[in-house]
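Following: one structure in structure tokens, then a few remarks.
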Amino acid sequence: MEYIGLYPLFYFPQIGSAWLMGITGAIHIMASHTSVGAALLFAFLAHKAYKEDRPELYDYMRKYGMFLLIFSYVVGSITGPGIWNTATVASPRGISALIHNFVWVWATEWVFFIVEVIGVFVLVYTIGKIDRKTHLKITYMFALASVSTLFLIIGIISFMMWPGSDVWYQTGSASDAFFGINTFPHMFIRIGFMIVMSAVAGFVIASNLKEMPLRMELTRKLSVIGLIGGFLILMSFLWYVQTLPQSALDLFHTVLWPLNGTSRIITVSIIAAYLLLAFALPRLITLPFATVMLVVVLVLGIWPGEKMRESMRKPYVAGRYVYSNQIIGRDVIGKNIKSEMAIIAEKGLLTVSPFIPERLRTITPENQLEAGKLIAKLACSNCHALEKGAAYRPLPDRFPGQDAATIEIVLNEVIATGVRSYIPPIKLPEHETKALAAWLATQN
Amino acid sequence: MDMSLVLNSLRDPAGVPFYPIVFQALYILTWALHIAFVLLTLGGMVVSIVGHMKKNIDDNWKLLESHMIQVSKISVSMLIVLGVAPLLFTQVIYDPNWYVTNTLSGLWVVGFIYILLAGYSLLYWFYYANKSNSSMAGFAGILSLAALIFAGVLMHSFAYESIQVDQWMNWYAPKGIVDNSGTNLHIDVVRLAFMVSLSAPVVGIFLLNYADYFSKREDYTAKYIGFVRSLGKKIALGGLLVSAVLFVLWTFTLGMAFHPLVIAIVLSVLLLLAMVAKGSNSYVITLVLVVAALLISTLREVIRMNIMSKYGYTIYDYPMNIDWPTVVMFLSTFVGVGFTAVGFLLTLAWRAGRTKGVYTADATVTKLADSTVSITILWVVIFLGWGIIAVFKNFL
């Protein structure tokens, strides 16, 4: 008996398990981006307060700091490991691939997390209780530690898209994986967004200040900072697109941009208009308005962008060698990793997966539909909901009114051959293809 | 099903990037640190809630309550950040166990995050409601504690399920019918009760530290310090006795009552009892507590190793692909940045906390501050330089 390392499968009805990961991930990105951006802003404000002897800025920093503690260090610090949890549930082999390649990078990031968490408490609670020069040094250290967490995670996320060359597949070195072709443009996009977020969150705190001249001054300064961040995003995005793999570019040009392009242009325009308004008429940035806009910018700015990035990565989930359905799709010589495509095509998923009830390992007329459903879950449920008419990519809806024989032809001619670049080529033995087609024919 | 074959098939084909024993040691160390803050949070929350109920009849409780809410608040942040490391290292060497558990209990694993989020948010509500004397404060505190305990029960369940290898298939496909709902939740009541009971000695000893620390501040009365010290002693003594009984019970259920490690833990608990009863220096007591925590963490790992060896799984033969550049990066960051920065922050916080009014950094703290900033700048320069060279090498 030979097994491949497929884990038991968790499936969340109607939306599919991968979307759970997307939701937790988006919440984390909102909090963590604001946190890093605010750390940079803190250093800037503390520098200004110290050099220009502006004690009123410390009061603003204390309020911003308390907001940050709740928003970023409650939500952000929990949803960070939360991404691991949900990613594990949805894509155990995807997260395992990242962990086993980058454990020391993550461990290094953890060192900075510790510095950051202790740092933020010391930074906020020692305002007015220690000398200002030492406090200024804490803000410098805090900003450096925060931005270092970005430097460390960005290479891992970029590797999920692709390393950009064949080098890593030959050497297996984390350095060749981490510093891929789109690591730096991706990094600058994130830095830009963090800067925008620090300004947009900063407006909320500034709008609550009683001293009007300070409120006007801070709102104006923050708007300039936000506009610089926005410009950085736009320039870096143009660079980033040039570093994507061809399949992602194809998907981007043929599907994603035609579908989402207009809404993205509108989003950018809304954010730019808001920042310009804050500069021109800072008085209009009131607490309710600033709070609503914070939510608007977070939701409009993050969810569609992250969704687009996740979609462009298809059909892979990590390093263009682990498919979204957890199957290893190519050899990685440097790590002695072998593709599992051939053994699945020869023996079938129900034979080589460890966690299959014995009675389903052999397909019979009696269990064919049950086996077909299980194959659909194993092969397709990471991207597709299995219920007809479900909210996200319902699989039965892809075969409207087709009978088993027609579906079998589609599975053999389209899915097994990999002609659709964003779907993993799923080549199964004949008996499993028939079982999958038979079950799909009962669902559409 | 041949579980030995299954477990070894589930291992990540990339192998591990360093000697497995190093990950194991790091796991033991970081889990001990993590659990210390878990226990301090739970114990601190209970003291806060009791304090909240008694603060109107006793001023001592009023001050202690507000401080313990702060302690719990910071402690939750610390337990989360320290919990990241054992979560990382267990995935490296025991990936089959961790990922099977996560998929079998998927719904709870995802739920855990939001329950913890609710518990921590409610703690902030407790903090602010208490500050503004809101009548809802106690309610918020109790809800927060309940959510945090539930999150703890879930994490215990994941750890317990991960070593019940022979049950996995029964849980995944009871009677041969596959269940993908991820709703499995199984616990070991005695083990859980023992772990939770440790929150009493931990918070008791923390209160002894607190009393010793603030006894040097002239604005804290001797009466208040005496009150906290006496409370800490009572909680620590009672807690140690209860934990000791539960520990012995647990080890009997495992058939390990006379294992050398178990005997060492029992001896360390007896030593702690004697030191607390005698009123020894609380910082020395804390050091013994840290040793006891490390021994308990080691015992957990020994239990897991024993179980896994029955299924022919040992971490020591995990295929290795050593990745020296990232090993060097971690070690140099851990020692260079980590020690310096944490040393600076803790020294500063310690000295500032003991000073009435504004603290002005002395030469040591100033040197630590300057070193931290310089080392971190150097780290950023080296990291980005490395990245640029790698990109030039591979793409130009």
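Just so we're on the same page: letters track the sequence lines, and every chain starts at 1.
Neither the backbone nor the side chain of B/Ser332 has a heavy atom closer than 4.5 Å to any heavy atom of chain A. Contact annotation for A/Leu6: only backbone heavy atoms (N, CA, C, O) come within less than 4.5 Å of a heavy atom of chain B. A/Thr24 touches chain B through backbone and side chain together, each having a heavy atom under 4.5 Å away. Heavy atoms closer than 4.5 Å to chain B are found nowhere in A/Val332, neither backbone nor side chain. Heavy atoms of A/Val117 lying under 4.5 Å from chain B belong exclusively to its side chain. In this structure, chain A has a heavy atom under 4.5 Å from the side chain of B/Tyr318, while its backbone stays farther away. Both the backbone and the side chain of A/Tyr3 come within contact range of chain B, with heavy atoms under 4.5 Å apart. Only the side chain of B/Thr372 comes within less than 4.5 Å of a heavy atom of chain A; its backbone N, CA, C and O stay farther away. With a 4.5 angstrom heavy-atom cutoff, B/Phe334 touches chain A via backbone and side-chain atoms both. In this structure, chain A has no heavy atom under 4.5 Å from any part of B/Ile375. Only the side chain of A/Val122 comes within contact range of chain B, with heavy atoms under 4.5 Å apart. With a 4.5 Å cut-off on non-hydrogen atoms, B/Leu82 touches chain A through its backbone and its side chain both. Only the side chain of B/Leu348 comes within contact range of chain A, judged by heavy atoms closer than 4.5 Å. Within the 4.5 angstrom heavy-atom criterion, only side-chain atoms of B/Val380, from C-beta onward, approach chain A. In this structure, the portion of A/Pro163 lying under 4.5 Å from any heavy atom of chain B is its backbone and not its side chain. Residue B/Val335: no heavy atom, backbone or side chain, is found under 4.5 Å from chain A. Heavy-atom distances place both the backbone and the side chain of B/Ile74 under 4.5 Å from chain A. Of the two parts of A/Glu116, neither the backbone nor the side chain holds a non-hydrogen atom closer than 4.5 Å to a non-hydrogen atom of chain B. With a 4.5 Å cut-off on non-hydrogen atoms, B/Ala85 touches chain A through its backbone and its side chain both. With a threshold of 4.5 angstrom between heavy atoms, A/Lys338 does not approach chain B through any atom at all.
In summary, the side chains of B/Asn180 and B/Tyr172 do present a donor paired with an acceptor at a separation below 3.5 Å, with no hydrogens or angles considered. Side-chain contact of B/Asp12 with A/Ser96: a donor-acceptor pair under 3.5 Å is present, judged by distance alone.
B/Phe18 has its ring centre less than 6.0 Å from the ring centre of B/Trp324. The distance between the ring centers of B/Phe89 and B/Tyr94 does not fall below 6.0 angstrom. Residues A/Phe159 and A/Phe102 bring their aromatic ring centres within 6.0 Å. Checked against the 6.0 Å centroid criterion, the rings of B/Trp379 and B/Phe383 qualify as a close aromatic pair. For A/Trp168 and A/Trp162, the gap between ring centers reaches or exceeds 6.0 Å. The aromatic ring centres of B/Tyr27 and B/Phe23 sit 6.0 Å or more apart.
With salt bridges taken as basic N to acidic carboxylate O contacts below 4.0 Å, none links A/Lys373 and A/Glu370.
Between A/Ile337 and A/Asp331 the shortest side-chain heavy-atom distance does not fall below 4.5 Å.
B/Phe112 and B/Phe158 have perpendicular rings, their planes meeting at more than 60° on a 0 to 90° scale where under 30° would count as parallel.
Between chain B and the residues A/Asn85, A/Ile356, A/Val111, A/Val120, the most heavy-atom pairs under 4.5 angstrom are made by A/Asn85. Your options are A/Asp166, A/Thr86, A/Leu9, and the one with the most heavy-atom pairs under 4.5 Å with chain B is A/Leu9.
In this structure, B/Lys73 is positioned above the aromatic face of B/Tyr127, its NZ or CZ under 6.0 Å from the six-membered ring centre and within 45° of the axis. The cationic group of A/Arg330 lies under 6.0 Å from the six-membered ring centre of A/Tyr169 and within 45° of the ring axis, placing it in a cation-pi geometry.
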